[in-house]
Amino acid sequence: MTVLDTVPVEGSADIAGPGWTAVCRLIDLAPERGAAALLDGTQVALVRLLDDRVLAVQQHDPFCDAHVLSRGIVGSRLVDGSDVPTIASPMYKQVFDLVTGRCLDRAGKDPVPGLDPDLRTWPVRVVDGTVLVGTDLLGTGGAP
Amino acid sequence: MTGTPEAPSSARHLVVVGGGMVAQRLVEALRDRDTAGSWRITVLAEEPRRPYDRVALTSWFSGRSAEDLTLGDPQLWHDPLVTLVRGDAVTGIDRTARTVTTASGRTERYDHLVLATGSSAWVPPIEGADLPGVFVYRTLDDVAAIRGYVEDLASRTAGPVRGAVLGGGLLGLEAAGALKALGAQPTVLQFGTHLMSAQVDLGGGEALRRLINGLGIGVRLHAETTRLRAHRRGGVGRLDLADGGRVDADVVVVAAGVRPRDELARAAGLPIGARGGVVVDDTCLTDDPAVSAVGEVACIQGACLGLVAPGYAMAEVTADRLLGGAARFPGADTATKLKLAGVDVASFGDAFATTPGALEIVWADPVGGVYKKLVLSDDARTLLGGVLVGDASAYASLRPMLGRELPGDPGAYLLPEGGAGAPDLELPDDAGVCSCNNVSAGAIRHAVTEGGCTDLGAVKACTKAGTSCGSCLPLVKKLVTTELEKLGVTVSTALCEHFALSRAQLYDAVRVAGVRSFSEVVARFGTRAAGRGCDICKPAVASILATTAPAHVLEGERATLQDTNDHVMANLQKDGSYSVVPRIPGGEVTPEGLIAIGQVAQEFGLYTKITGGQRIDLFGARIDQLPVIWGKLVDAGFESGHAYGKSLRTVKSCVGSTWCRFGVQDSVALAVMLELRYRGLRSPHKIKLGVSGCARECAEARGKDVGVIATDKGWNVYVGGNGGFTPRHAKLLAEDLDTETLVRTIDRFLLYYVRTADRLQRTAPWIEEVEGGLEGVRAVVMDDSLGIAADLDAQMALHVEEYEDEWRATLDDPEKLRRFAAFVNAPTEPDPSLAYVPERGQARPATAEERAAALRGEPVLVAGSTLEVR
């Protein structure tokens with residue numbers, strides 16, 4: 001599993017550094033709600049948490065084959081004693097760990113044949129109020 | 001061989017004569033246990049239908065359909081080992097040849113024969129008893145005939161239809177209740193000193209008479225009918241009494257008792273009891289070891305028993321014996337519990353204190369209409385029997401204690417609630433809890449401890465306890481909960497890991513504390529500070545706040561709580577697009593309105609379908625198109641239909657008295673008024689209403705959470721109906737209300753539901769589980785038993801006052817509109833994965849194969865959304 005940098009970096013200079021794509025401003029994202037972004041034809045779900053951390057997972061829902069995950073309810077769940085931020089699919093209510101992309105609750109269903117139940121994730125940085133996504137991983141499979 | 005669907009060639013043949021409740025139970029019990037398929041069964045029924053719940057016949061008048069009365073799992077009759085022959089009476093038995101013959105000439109050879117022919121109503125030899133308009137009360141055909149006769153009379157005569165019931169026993173009171181339900185004015189003529197004299201004592205009978213009078217049913221005691229006289233229009237018109245009195249009656253129901261139908265057995269030479277009935281031993285066998293008799297036709301331990309519970313017990317004994325068991329009839333449980341239009345009567349054990357030395361403890365409240373009596377052994381410790389009239393709530397817990405010592409002061413069991421209070425009874429394992437299905441307390445405990453049942457529903461399915469008359473359900477529920485708690489299984493009502501409270505508790509907490517935001521709710525009532533809710537509790541809290549502190553769904557922090565449907569105020573479909581439903585109150589729409597909807601559908605290429613709720617659903621709208629679509633709909637005068645919400649959906653109506661030849665009230669006007677009143681009301685689950693303008697019920701109102709049906713005098717209101725996974729017919733809550741009372745009643749019903757139901761619990765299961773069931777709901781909304789009615793009224797007034805159209809408010813607010821961007825970095829770029837193909841002249845989502853074909857460049861798509869430019 002690739003460890004991803006999802007901690008906001010304030011005031012860093014390399015806004016347009018190689019591999020990072022500026023997507024939107026932080027204030028374009030509503031706290032505790034997701035938003036879809038289109039990155040070079042790939043749909044990504046961005047989620048801004050209450051502490052202004054921004055996390056990115058695939059917008060494609062492996063359990064229904066539709067691009068809807070950003071429209072799910074953002075919450076938290078106790079996993080092994082610590083709170084992890086989650087998003088629940090708006091379609092069939094599977095719950096995913098927003099940090100690792102892992103499916104925490106399949107809600108009694110299997111993913112669409114051929115699809116991984118866990119989600120791809122992308123590293124995100126917030127620099128001077130701009131949300132940057134690590135797009136060099138876009139074509140390479142990402143994590144996990 | 002185990003449970004094979006094919007009858008083994010060695011299978012023996014059981015022939016059951018009669019298709020009533022006891023026959024049904026016998027077949028059910030035998031098929032349940034005979035996994036090897038050693039018996040194939042033929043049931044020969046005289047009536048042209050499947051066995052039905054004869055005990056609940058009266059409920060057929062208050063709206064239950066014949067289908068509702070069907071017993072058990074209908075699959076039973078599809079079992080290849082079971083043959084049900086309907087509408088063919090058995091005419092003879094040849095015990096030597098072991099055959100029976102039927103009216104149609106069918107001959108069945110049996111290895112074992114069971115007589116389950118039941119009883120017939122006994123009509124005393126009175127002159128005029130054969131006049132038209134004189135009925136008995138036994139079968140569905142009987143009650144259908146009574147209904148037809150009364151309705152016909154009512155339509156032809158100006159005054160009220162007067163009814164007389166001969167017999168003041170259990171059946172007579174049922175019949176009187178049925179006549180009352182049909183709008184007739186019944187009088188019960190009882191030969192003896194008091195009503196239900198076989199079950200209750202004089203004091204109880206007197207209390208019962210007052211209660212029955214209060215329902216508008218006349219009672220005459222010591223009334224011996226000597227002759228029935230014809231009216232000049234034909235049909236019965238008057239009864240002459242032995243004391244010289246007369247009673248005018250347009251319809252007469254004879255409920256003077258039943259006689260066992262033992263004629264087949266007599267003709268076959270089987271021993272018959274002194275007062276009729278086929279004599280059987282404790283194993284239900286007759287003199288002939290190849291012939292048994294069960295139910296009302298059997299004379300067991302010297303008597304014929306006219307109750308269903310002993311009949312069921314005989315069916316169980318017979319099933320066991322047929323499979324080589326050693327079961328014996330345990331003795332008759334003649335306990336009776338009756339509910340007649342809200343009047344409770346129960347009688348059990350030695351109700352008349354015939355045991356030598358027996359003591360009686362009586363509590364009587366003539367004002368409140370309550371009479372309760374316990375019969376105890378001479379040391380005042382052991383419970384021998386009892387009579388409960390007006391309040392039989394103690395029946396479920398007392399009856400299983402028969403023959404056992406009552407802990408504490410026996411008087412405590414009779415006092416009204418709020419008095420000293422009855423101590424909790426710990427039932428012994430062998431105490432019977434469900435007498436309809438013969439389930440003991442031990443069997444219920446076993447279902448929990450060994451059977452793995454973890455809730456009431458599972459225990460009901462596993463043991464059948466509480467599945468017939470339901471009177472024992474509160475007790476079953478208590479046993480299940482106690483047992484689960486003993487097992488250390490926390491019967492958790494917690495909403496989720498973020499809240500330890502149930503939805504109802506959280507609702508009360510939020511309402512009383514007056515908190516207005518999710519953050520406050522989490523801080524005050526959450527389980528831990530760090531938790532930020534989840535997809536379970538967030539929409540639940542949003543729903544609670546919607547009625548305790550009304551505000552727009554997308555107002556501030558509330559927006560984060562909403563499910564996607566509420567968040568974009570449309571219904572998510574399988575491909576990620578949404579559907580749009582404008583409100584069409586009562587299903588009434590102008591041609592201009594239809595054209596406007598049609599134009600929107602045409603412009604955006606939306607698949608268009610009429611819904612079951614009498615409105616129009618437009619499918620295939622992208623998230624970014626929703627504000628544009630709604631701008632046009634709002635301009636055309638439409639508002640949100642809340643098809644996306646756990647909230648009021650529609651009020652369906654028939655066309656009503658303005659156009660319909662049969663309508664008696666203006667159902668459309670009422671439906672429109674109700675829909676506009678309750679629009680936007682957030683609730684634990686979706687709510688649907690229906691209004692029918694007459695009893696023909698074209699609006700299918702009884703399939704709704706609240707159904708209103710017009711009568712000549714006002715409105716009848718039914719509650720707890722729904723379609724869906726477990727369809728339910730709504731049950732009668734109140735009759736003949738004027739419009740103002742009706743609205744107030746629905747206001748309170750809906751808010752009581754909103755306050756106390758579980759998350760995603762529809763009204764039908766809520767009514768089953770809420771304190772006191774339907775009676776409890778009625779007490780709260782009609783009689784204000786909790787003293788909250790004024791509060792509920794004020795809350796509904798606030799809802800009506802605060803209502804605004806969510807879509808109009810959203811269109812006026814640029815901040816809210818930002819939520820509808822397709823992509824945060826490309827707000828109007830359509831989702832490239834959406835694709836549609838034509839079908840029957842409209843668009844539908846492309847299948848995965850079709851999308852794959854399109855990617856290969858094959859020409860299957862009409863409209864990939866990326867091609868669509870607007």
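Worth saying up front: this structure is predicted, and the values here are computed from it rather than measured. In the text below, chain A, chain B and the rest are named by the order of the sequence lines, each starting its count at 1. Keep in mind that the numbers below use all heavy atoms, side chains included, and drop hydrogens, waters and symmetry copies.
Put simply, of B:Q573, B:H567, B:K538, the one with the most heavy-atom pairs under 4.5 Å next to chain A is B:H567. Between chain B and the options A:T86, A:L38, A:V68, heavy-atom pairs under 4.5 Å are most frequent for A:L38. Each of A:L46, A:L49, A:V23, A:V131 has some count of heavy-atom pairs under 4.5 Å with chain B, and the biggest count is that of A:V23. Of the residues considered (A:H60, A:K93, A:E32, A:Q59), A:E32 shows the highest number of contacts with chain B, using heavy-atom pairs under 4.5 Å. Among B:T560, B:V568, B:I623, B:N565, the residue making the largest number of heavy-atom pairs under 4.5 Å with chain A is B:T560. The candidate from A:R33, A:H67, A:M91 with the greatest count of non-hydrogen atom pairs under 4.5 Å with chain B is A:R33.
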> Step by step, would you call A:D65 with B:R851 a salt bridge (charged side-chain N to carboxylate O under 4.0 Å, His left out)?
Replying inline: CA-CA 12 Å; A:D65 202 18; B:R851 277 185 283 149; 3.5 Å; yes
>> Working note: B:H498 + A:R77, criterion side-chain contact (heavy atoms from CB on, under 4.5 Å); need CA distance, chi angles, decisive distance, verdict.
In response: CA-CA 9 Å; B:H498 303 100; A:R77 180 181 276 223; 5.8 Å; no
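If you take CG on B:L572 and OG on A:S89, they are separated by 8.0 Å, rounding to the nearest 0.5 Å. Summarising the geometry, atom SG belonging to A:C24 is positioned 13.0 Å from atom CZ belonging to B:F823; distances are rounded to the nearest 0.5 Å.
In plain terms, the two heavy atoms of B:C534 and A:S76 that are nearest each other are CB-O, 4.2 Å. Listed here is the closest heavy atom pair of A:P90 and B:T564: CB-CG2, 3.6 Å. Minimum heavy-atom separation, A:I73 to B:P539: CD1-CG, 3.4 Å.
With a 4.5 Å cut-off on non-hydrogen atoms, A:A37 touches chain B through its backbone and its side chain both. With a 4.5 Å cut-off on non-hydrogen atoms, A:L50 touches chain B through its side chain but not through its backbone. B:A822 touches chain A through its backbone: at least one of N, CA, C or O sits under 4.5 Å from a heavy atom, while the side chain does not. Contact annotation for B:L561: only backbone heavy atoms (N, CA, C, O) come within less than 4.5 Å of a heavy atom of chain A. Heavy-atom distances place the backbone of B:D575, and not its side chain, under 4.5 Å from chain A. For A:P85, no part lies near chain B; criterion is any non-hydrogen pair under 4.5 Å.
The pair B:R532-A:D51 does not meet the salt-bridge criterion, since no charged nitrogen lies less than 4.0 angstrom from a carboxylate oxygen.
Partners of B:D535 according to the salt bridge (charged side-chain N to carboxylate O under 4.0 Å, His left out) rule, which considers only residues two or more places apart in sequence or in another chain, do not exist here.
Contact of the A:R25 side chain with the B:V824 side chain is not registered, since no non-hydrogen atoms from C-beta on lie closer than 4.5 Å.
B:R844 CZ: more than 12 foreign heavy atoms inside a 6.0 Å radius.
Without hydrogens or angle criteria, A:Q43 side chain to B:D831 main chain gives no donor-acceptor distance under 3.5 Å.
The salt bridge (Lys or Arg N to Asp or Glu O under 4.0 Å) analysis of residues 816-825 of chain B, with sequence neighbours excluded, yields the pairs A:D28-B:R818, B:E555-B:K816, B:D813-B:K816, B:E815-B:R818.
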